[in-house]
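For reference, the structure discussed in these notes is given below.
Computed from a predicted structure; not experimentally measured. Side chains are part of it too, since the values below use all heavy atoms of this structure and drop only hydrogens, waters and symmetry mates. If you read the sequence from its start, that first residue is 1, and numbering goes on from there.
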Amino acid sequence: MTATDRIDAALQPHVARLKDRRTSDLVGADPGRARELALRVGPVYANFARQGYDRDALEALFAVLREADASGRIRAQFDGEKINLTEDRAVLHTALRGDLSEAPVAKAAHAQALQARARMRELVAALEAEAVTDVVSVGIGGSDLGPRLAVDALADPAARGLRVHFLSNVDGHAAQRVLAGLDPARTAGILISKTFGTQETLLNGRVLGDWLGEGAARRLYAVSANVERPAEAFGIPAERILPMWDWVGGRYSLWSAVGFPIALAIGMDAFEAFLAGAAEMDAHVLGSPLERNLAAWHAATALWNRNALGHATHAVLPYDERLRLLSNYLQQLVMESLGKSVRRDGSPVAGDTVPVWWGGVGTDTQHSFFQALHQGTSIVPADFIGVVRADAPYADNHRALHANLLAQTEAFANGQGSDDPHRAYAGGRPTTTILLDALTPRALGALLALYEHSVYLQSVAWGINAFDQFGVELGKQVASRLLPALAGEAEADDPVTRVLLEELRRS
């Protein structure tokens, strides 16, 4: 029996038992549910009372995780066992932010992380002391999404420190827009690429270098696991190249020197607090039994909605404008990790794994796609994320934001009847509400670490590898083969591509 077969066998009796129970019925039948189906870890509080399971079904979900040895697999990750089997690698991003394992390989990784962090602090101080006002960070995927999210969420718009800009897309219009209005004489650049062979980063790095002009190499920095390539390709000296390692995956790398742009935007002390918040969540996940483990609750809820109920998408809905990029970041973290159709041993996955993750920021999204969420034929589970304390000086706005967050989760759960079918709301839309005490570096670090651990636990339950991403490579390989055809130096093999090339060449 495959992992997904075992999940189905464990959960389907509960689905049959609960199929006619509304969320409001579950809450009414269990007076303690609203308070007790909730957990707090440091600055993060999560309430699962509006999910469609009861306590018996939740226990069945924890049993699924126990059968998959979830606690043992968490320990294996922290200890640096090579859980990324397809690439024969350890997965030690947790060692970048804390020292929670006595295993020698984990200790060594943490020591390397501390050394790199000390170098990063020196470079941050040096850049802050120069006549630099702006920094352009060039990377893509994991080298861009995490730092971009953290800077957008945490940088103080009123501060007069370094302004950090991000350039990822190979489309030349992106470079044109980022560089417009900047002064080359007062701008530095960071090139971030694990292999330093990523086409988009190399092309945009050359654009940035040309724009900086004479002596550009003196204002360029790099982050790479291939420290020789930045020096060869751009003349960046070794003292301005920060390291990465093969035990840190791209989408987990913002905790490493890939977070250099974050440190420049918010300061090194705040970056350390960001790491500390993640380490606080790490300690909770490593040390808590599944039944009181926030990442296990989140993962179990995902298994319920995907496997038991068959919901094919999941929405991320932060009610804080500063978290507007969270859904973009989580799309990569979740879908690149869990978008697999074979198990760790290479056999096919028998059922479904990752849903499509998407979302947007409230209250804007209430006026775009919420109509479909309330009255559409597909049920979309959602994480609603709120921030308790406001930092903006507009108290009425913050109260209205909270009122809308509470109203939407209540309406999703309870619906509303009407004699007019056009004005009827079915309800029964499952949501989890996550509240941060404030949007601080510590809280954001803890929140992102929560999602990382939830993703890993889902992969353990499904028996898949969350840490490779071979699906990313095929399109890049084909694109490399097609570049000569676009230059008129070759022909494409595919007949449809040949027709499309003819149209592109008309210009």
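Judged purely by atom type and a 3.5 angstrom limit, Thr353 uses its side chain to pair as donor or acceptor with the backbone of Leu338.
Aromatic rings of His298 and Tyr451 (six-membered ring for Trp) have centroids within the 6.0 Å cut-off, being under it.
Looking only at atom types and distance, the side chain of Gln375 has no donor-acceptor partner in the side chain of His422 under 3.5 Å away. The closest side-chain donor-acceptor pair between Arg17 and His14 falls under 3.5 angstrom. In the model, Asn465 has a side-chain atom that pairs as donor or acceptor with a side-chain atom of Thr86 under 3.5 Å. Side-chain contact check for Gln458 and Ser454: at least one donor-acceptor pair (N or O, by modelled atom type) lies under 3.5 Å. Inspection of the Trp255 and Glu452 side chains reveals an N or O donor paired with an N or O acceptor under 3.5 Å. With 3.5 Å as the limit, one finds no donor-acceptor pair spanning the side chains of Asp152 and Tyr329. Checked by atom type, the side-chain pair His453/Asn293 shows no donor-acceptor distance below 3.5 Å.
Between Phe274 and Phe271, the angle of the ring planes lies from 30° to 60°, which puts this pair in the tilted group. Ring geometry for Phe412 against Phe370 counts as tilted: the plane angle lies between 30° and 60°, on a 0 to 90° scale. Note on ring orientation: taking the six-membered ring where Trp is involved, the planes of Phe467 and Tyr252 are tilted (angle from 30° to 60°).
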